[in-house]
Each structure stands twice: as C-alpha cells, then as structure tokens.
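Reviewing the structure listed below.
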Amino acid sequence: AAAALAAHGVAPRVDLPGVGRNLQDRYEVGVVNRMSRNWRVLQGARFEVDDPLWRQWRTGRGMYVSNGAAVGLTRRSAGAKRAPDLFLMALLARFEGYFPGYSRQIAEHHDYLTWAVLKAHTLNRTGIVTLKSADPRDPPKIDFNYFDPATDPGGEDLAAVVGAVRLARTMTRGLKERGCVAAEVLPGPEVESDADLASFVRDNAWGHHACGTAAIGPRDAGGVLASDFTVYGVRGLRVVDACVFPRIPGFFIAGAIYMIGEKAAEAVARDARGGKAKR
C-alpha cells in the first residue's frame with residue numbers, strides 16, 4: 001500500500017492496499033511419542049548418501065521410497081462446515097516443527113512416533129507482510145496473527161486443533177497399553193485440560209503454506225491481481241505463486257500452485273498470440 005511505502009521514504013507508483021494483506025497459513029502441531037525401541041524399518045538409516053536404506057532406494061525399495069507418513073487420515077472437526085478440515089499423519093520420527101537443526105532430530109532418533117496434526121480451511125485472514133526498511137536486502141516483517149479473534153471470534157480453529165490432539169492420543173492409546181510407547185514427549189501427559197491443550201497449541205503451532213498476499217480479486221475489494229495474474233495498474237508484470245489465492249486451498253497447496261502455473265502459461269501464450277491487449 002502507498003502508506004506503507006511512504007513510511008520508509010519509497011515513492012509509490014501504484015496504490016494497491018491489498019499487497020501484503022490477507023496472509024494465511026495452516027495450523028500444525030505434533031503429538032510426539034518416544035517408543036520403547038527403535039523402528040526396525042529405520043535400521044541403518046543415517047539419511048545420507050550410501051547408507052543401507054539409500055542403497056535400497058536406488059533399487060526402488062525400502063523406507064526412502066516412502067513419503068514419510070506411515071498412516072494418514074482426514075476428519076471433520078465440530079466446527080467444519082463443508083469438507084473435512086483435519087489431516088493427521090503418523091511419522092516414524094521425532095518432529096516438533098521447523099527450526100534450525102530440526103532435521104538432525106529426525107536423523108539421530110529412530111525411536112519416535114509423531115502424529116502431525118494439520119488444520120485446513122482456517123479462518124485466519126489477518127496476517128500481514130510489510131517492510132522493515134527501504135533496504136531491499138532487509139527481510140520483510142511477517143506477522144501471521146495466528147488465532148486472531150478478528151476473523152475467528154468463536155475460537156473454532158483453536159478448538160479444532162485441540163480436538164485433533166485428543167484424537168491423536170486416542171489412536172496411540174493401544175500402543176501405550178501394550179508397552180510400545182515409552183512416553184508422550186509433547187504435549188506431555190501433564191497437559192490434559194482443554195485450557196492447557198489450547199495453550200500448548202498457541203505456543204507450538206506452525207505452518208509452511210503461507211499464501212494469499214497478492215490475491216486475485218476485484219481491485220475495489222482489496223484484490224491485487226486480475227484473473228490472468230496481471231497486477232492492476234502495472235504493465236508487463238504477473239504474479240504466479242502462492243500469493244494469488246484469495247483463500248488457502250485444500251490441505252496442501254502444491255497441487256494448486258502447479259495448476260496456476262499451467263493457467264498462467266496459457267495466459268502468457270494467449271497474449272503472445274495477440275489474444276488480449278497488454279496492460
């Protein structure tokens with residue numbers, strides 16, 4: 001928006017208030033369990049070139065052929081209005097989210113089971129990306145405004161994730177009773193009430209499907225792009241990435257991004273054939 005640019009001494013060429021607004025993402029947390037023994041399927045895994053599982057992978061066999069999820073299921077939370085909004089996947093790994101060095105936990109521990117809980121179709125739409133300074137080398141300021149009551153006054157998203165954590169515990173109960181699970185590491189057995197679980201989710205939720213900050217839609221309604229991915233008021237510029245979605249799609253966004261890439265390629269080819277006047 002012009003005001004955001006002017007605040008850092010940058011002269012705006014086109015005023016599009018929707019730029020950097022509408023930032024959306026998933027909510028994800030992990031229910032992490034330490035097992036009583038290592039997984040046999042991970043024997044010899046160092047997650048390096050030339051380890052035993054890598055050599056199996058070269059022949060199209062073994063654990064490295066997997067996408068990493070042993071089991072996956074979808075569920076509809078109490079607040080879901082249409083499609084299922086919860087996805088749970090069992091990972092034979094210690095996975096507590098993304099942070100520097102997170103992958104070392106996966107490589108170094110072969111005795112963990114993590115239920116990764118993903119909340120789709122979230123209501124959060126008040127995230128924002130803005131400038132820290134006029135220096136293009138400065139990373140932008142990013143605020144997802146997770147669990148913002150402005151777009152989720154009833155706390156539906158938070159309640160859905162809490163319910164999914166309880167579901168993950170239910171699915172692990174049999175393993176605990178048979179002694180296969182040594183201990184729940186996260187959230188931990190002491191975190192049991194709805195209030196405590198809600199605090200755990202607030203403190204630990206992450207996402208990696210950020211999108212929506214240059215949305216397709218009418219300009220007077222905050223849209224930044226026309227349906228052919230051109231930027232309103234700018235000649236010769238298209239945006240073709242996860243920014244374009246007015247609402248975050250489905251459970252995972254990769255397939256939708258491939259589709260917009262194909263659609264954008266068609267739009268560019270049509271313009272090259274003279275099918276539409278350039279903006």
Side-chain angles (χ1 to χ4, degrees), residues 25-43 45 62-99 102-103 105-123 146-147 155-209 250-253:
D25 205 344
R26 311 282 182 230
Y27 294 127
E28 299 182 46
V29 294
V31 180
V32 183
N33 301 276
R34 181 169 53 82
M35 309 302 289
S36 58
R37 64 183 67 180
N38 287 348
W39 296 103
R40 282 186 292 177
V41 292
L42 292 176
Q43 183 175 355
M63 272 297 291
Y64 291 173
V65 175
S66 163
N67 66 3
V71 178
L73 67 147
T74 61
R75 284 291 184 273
R76 185 179 283 106
S77 70
K81 298 176 177 61
R82 297 179 292 108
D85 61 323
L86 297 174
F87 186 85
L88 287 79
M89 50 186 168
L91 311 175
L92 308 188
R94 180 177 178 176
F95 182 54
E96 301 171 14
Y98 297 100
F99 51 86
Y102 83 92
S103 60
Q105 289 191 348
I106 296 174
E108 294 171 359
H109 299 280
H110 296 173
D111 58 343
Y112 276 79
L113 169 67
T114 298
W115 279 104
V117 174
L118 183 151
K119 170 68 174 83
H121 307 296
T122 50
L123 297 174
Y146 272 4
F147 302 109
E156 292 181 19
D157 285 344
L158 186 59
V161 181
V162 168
V165 170
R166 292 196 182 281
L167 174 60
R169 283 175 161 176
T170 298
M171 292 188 293
T172 311
R173 186 178 300 147
L175 295 175
K176 292 179 179 177
E177 292 171 351
R178 292 195 295 272
C180 299
V181 172
E184 181 182 283
V185 177
L186 284 176
E190 71 283 358
V191 182
E192 178 55 39
S193 69
D194 284 347
D196 287 346
L197 283 171
S199 294
F200 164 76
V201 171
R202 287 181 186 277
D203 292 343
N204 291 274
W206 73 83
H208 60 288
H209 298 129
F251 284 112
F252 300 97
I253 66 176

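Side-chain contact between Val31 and Thr172 is absent, with no heavy atoms from C-beta onward closer than 4.5 Å. In this structure, the side chains of Ile106 and Tyr112 stay at 4.5 Å or more apart for every pair of heavy atoms. No side-chain heavy atom of Leu175 sits less than 4.5 Å from a side-chain heavy atom of Asn33. Side-chain contact between Met171 and Val71 is absent, with no heavy-atom pair separated by less than 4.5 Å. Considering only heavy atoms from C-beta on, Val117 stays 4.5 Å or farther from Glu28 through its side chain. Residues Tyr146 and Arg202 form no side-chain contact, since every pair of their non-hydrogen atoms from C-beta on lies 4.5 Å or further apart.
Salt-bridge formation is not detected for the pair Arg34/Asp111: no Lys NZ or Arg NE/NH1/NH2 atom is positioned less than 4.0 Å from an Asp or Glu carboxylate oxygen. Ion pair Lys119/Glu156 not flagged as a salt bridge, since none of the NZ, NE, NH1 or NH2 atoms sits closer than 4.0 Å to an Asp/Glu carboxylate oxygen. A salt bridge links Glu184 with Lys176: at least one charged nitrogen is closer than 4.0 Å to a carboxylate oxygen.
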inquiry  = Between Leu118 and Leu86, is the side chain to side chain contact (heavy atoms under 4.5 Å, CB included) condition met? List the steps.
reply    = CA-CA 6 Å; Leu118 183 151; Leu86 297 174; over 6 Å; no

inquiry  = Using the rule given for side chain to side chain contact (heavy atoms under 4.5 Å, CB included), can you reason through Leu186 versus Phe200, listing the C-alpha separation, both sets of side-chain angles and the distance that settles it, and then say yes or no?
reply    = CA-CA 9 Å; Leu186 284 176; Phe200 164 76; 4.1 Å; yes

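Side-chain N/O atoms of Asp157 and Thr122 include no donor and acceptor closer than 3.5 Å.
One finds the NE2 atom of His209 at 11.5 Å from the CZ atom of Phe251 (value rounded to the nearest 0.5 Å). Atom CE of Met89 and atom CZ of Phe95 lie 7.5 Å apart (nearest 0.5 Å). Atom CG of Leu158 is separated from atom OH of Tyr27 by 8.5 Å, given to the nearest 0.5 angstrom.
Scanning all heavy atoms of the two residues, the minimum distance from Leu197 to Pro187 falls at CD2-CG, 4.0 Å. Closest approach of Trp206 and Glu96 over heavy atoms only: CZ3-O, 3.5 Å. In terms of heavy atoms, Arg94 sits closest to Val32 at CG-CG1, 4.3 Å. Smallest separation of non-hydrogen atoms from Asp25 and Gly207: OD2-C, 3.3 Å. The shortest heavy-atom contact between His110 and Ala45 is CE1-O, 2.9 Å. Residues Phe147 and Ala205 come closest through the heavy atom pair CE1-CB, 4.2 Å.
Residue Arg75 qualifies as open at atom CZ: its count of foreign heavy atoms under 6.0 Å is 12 or below.
No donor-acceptor distance shorter than 3.5 angstrom exists from the side chain of Asp196 to the backbone of Glu192, with no hydrogens or angles considered. Without hydrogens or angle criteria, Thr114 side chain to Leu91 main chain gives no donor-acceptor distance under 3.5 Å. A distance-only check finds no donor-acceptor pair linking the side chain of Arg37 to the backbone of Cys180 [under 3.5 Å]. Although no hydrogens or angles enter the test, the distance criterion places a donor-acceptor pair under 3.5 Å between the side chain of Asp85 and the main chain of Ser77.
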